[in-house]
Amino acid sequence: MIMNIKVFIKNLLFVCLLLQISLSALAQKKPFEAEIKAFAKSDSIVAPLQGKIVFVGSSSFTKWKDINQYFPGYPIINRGFGGSNLLDVIQYVNETVLKYNPKQVVIYCGENDLASSDTVSPEIVLDRFSILFNLIRKQLGNKSNITFISIKPSISRWRLEAKIVAANTLIANFIEKQTNANFINIHNAMLQGDGSVMKDIFIADNLHMNAKGYAIWQKIIAPSLLVK
């Protein structure tokens with residue numbers, strides 16, 4: 001009888017521990033929850049019109065604060081959230097893309113996927129992108145153009161250059177087989193004649209771009225944006 005009570009108490013303590021861990025996990029904030037809530041708050045103040053161009057992805061878009069000045073006349077909604085990878089964009093695709101019923105979705109992401117772990121291969125980046133692509137297609141159909149901006153080179157992540165080139169090639173080949181989809185190569189335009197990355201187009205962290213870097217992007221991206 002005493003042994004049964006001890007077993008019962010032991011099992012009860014184990015269940016309580018599991019419950020505590022579960023409650024703790026639920027209490028933790030999801031990654032980028034603050035950024036997503038900020039988007040929702042902004043939309044509640046001034047609701048964006050449907051059918052615009054949504055830019056979504058990581059910090060190269062987040063830090064492009066004056067993006068509308070680079071593309072005057074284009075109805076752009078910038079929903080980049082810094083530090084995100086393709087899995088994060090997949091998780092928040094409803095909040096950052098689908099809710100706006102955009103006519104065009106411009107994606108810059110994948111760089112942080114490769115930088116997050118040596119185990120993330122170009123093939124994994126392609127798989128993640130294809131999941132995001134198909135999620136958007138399933139909801140919006142072929143009426144919405146999907147444009148992918150190639151993963152950029154940078155000084156601080158030059159060790160990843162071979163993987164970046166491989167991932168870009170895989171995604172370009174994937175997009176070539178799709179309808180109403182574009183691959184925009186900004187990568188090569190950021191390289192010098194000897195194949196090394198330009199040194200004067202980044203801010204002090206040698207990762208994110210300055211105005212000169214964004215000017216390169218603007219020139220290449222603009223012809224692919226939809227006006228109507």
Side-chain angles (χ1 to χ4, degrees), residues 30-113 128-152 171 175 178-186 208-211 213-228:
K30 294 189 295 184
F32 306 107
E33 185 176 5
E35 289 85 347
I36 301 304
K37 285 183 177 180
F39 292 151
K41 182 177 180 180
S42 175
D43 292 345
S44 70
I45 297 172
V46 179
L49 296 175
Q50 299 284 296
K52 292 191 173 185
I53 301 172
V54 170
F55 277 57
V56 67
S58 56
S59 54
S60 289
F61 279 172
T62 309
K63 292 182 176 295
W64 207 347
K65 301 295 186 181
D66 56 349
I67 191 170
N68 293 95
Q69 295 180 28
Y70 282 77
F71 303 104
Y74 292 94
I76 293 172
I77 302 172
N78 190 345
R79 288 296 176 263
F81 47 111
S84 62
N85 59 37
L86 284 162
L87 295 177
D88 299 313
V89 178
I90 289 168
Q91 180 179 4
Y92 293 113
V93 67
N94 289 313
E95 294 89 343
T96 60
V97 177
L98 301 181
K99 67 178 290 187
Y100 303 109
N101 191 31
K103 63 183 177 183
Q104 184 173 21
V105 182
V106 181
I107 301 167
Y108 180 79
C109 207
E111 183 180 352
N112 290 327
D113 300 66
R128 293 177 180 181
F129 172 72
S130 64
I131 291 170
L132 175 61
F133 184 96
N134 288 320
L135 281 173
I136 297 171
R137 273 286 184 261
K138 183 178 180 180
Q139 181 68 27
L140 301 179
N142 290 334
K143 67 179 182 178
S144 182
N145 175 276
I146 300 177
T147 296
F148 182 83
I149 310 298
S150 67
I151 303 173
K152 75 180 194 303
I171 293 174
I175 288 179
Q178 313 303 319
T179 58
N180 199 18
N182 297 30
F183 177 88
I184 298 181
N185 183 3
I186 53 80
H208 300 101
M209 295 179 296
N210 57 29
Y214 283 119
I216 294 173
W217 281 34
Q218 185 275 338
K219 184 177 180 180
I220 300 172
I221 294 171
S224 296
L225 296 183
L226 303 181
V227 178
K228 297 181 180 180

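This chain uses plain numbering: 1 for the first residue, then up along the sequence.
- Taking the six-membered ring where the residue is Trp, F55 and F71 present tilted rings, their angle falling between 30° and 60°.
- To the nearest 0.5 Å, atom CZ of residue R137 and atom OG1 of residue T179 are 5.0 Å apart.
- Counting heavy atoms from C-beta on, the side chains of I216 and I186 never come closer than 4.5 Å.
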| task | Show your reasoning for whether side-chain contact (heavy atoms from CB on, under 4.5 Å) applies to I53 and K103. | result | CA-CA 6 Å; I53 301 172; K103 63 183 177 183; 3.8 Å; yes

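- In this structure, D88 CG and R128 CZ are separated by 9.0 Å, a value rounded to the nearest 0.5 Å.
- Checked by atom type and distance alone, the side chain of Y108 never pairs as donor or acceptor with a backbone atom of G80 at under 3.5 Å.
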| field | Test log, rule side chain to side chain donor-acceptor pair (under 3.5 Å), inputs R79 and Y100 | value | CA-CA 11 Å; R79 288 296 176 263; Y100 303 109; 2.9 Å; yes

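- Side-chain rings of Y70 and W217 stay apart, their centers remaining 6.0 Å or farther from each other.
- Contact detail for S84 and C109: the closest heavy-atom pair is O-SG, 3.8 Å.
- The structure places NZ of K99 at 12.5 Å from CG of N101, a figure rounded to the nearest 0.5 Å.
- Using modelled atom types, one side-chain atom of Y214 and one backbone atom of S60 make a donor-acceptor pair closer than 3.5 Å.
- Here the shortest heavy-atom pairing between E33 and Y92 reads N-OH, 4.0 Å.
- The neighbour count for Q50 CD, taken as heavy atoms of other residues, nucleotides or ligands under 6.0 Å away, is above 12.
- Applying the side chain to side chain contact (heavy atoms under 4.5 Å, CB included) test between S224 and each of N182, I149, V106, N145 identifies N182 as the sole match.
- Between N78 atom CG and T62 atom OG1 the span is 6.5 Å, to the nearest 0.5 Å.
- Aromatic ring centroids of F129 and F148 lie under 6.0 Å apart.
- Between G57 and V89 the shortest heavy-atom distance is CA-CG2, 4.2 Å.
- Going from atom OG of S58 over to atom CG of N85 covers 9.0 Å, rounded to the nearest 0.5 Å.
- Q69 approaches P72 most closely through the heavy-atom pair O-CD, 3.5 Å.
- For the pair L98 and L140, the minimum side-chain heavy-atom distance is below 4.5 Å.
- When all heavy atoms of P102 and S144 are compared, the pair lying nearest together is O-OG, 3.0 Å.
- Side-chain contact between I220 and N185 is absent, with no heavy-atom pair separated by less than 4.5 Å.
- Considering I136, I171, I184 as possible partners of I107, the one that fulfils the side chain to side chain contact (heavy atoms under 4.5 Å, CB included) test is I136.
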| Verdict with reasoning, F183 to T147, per side-chain contact (heavy atoms from CB on, under 4.5 Å) | CA-CA 6 Å; F183 177 88; T147 296; over 6 Å; no

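- Rounded to the nearest 0.5 Å, atoms CZ (F39) and CD (E95) are 10.5 Å apart.
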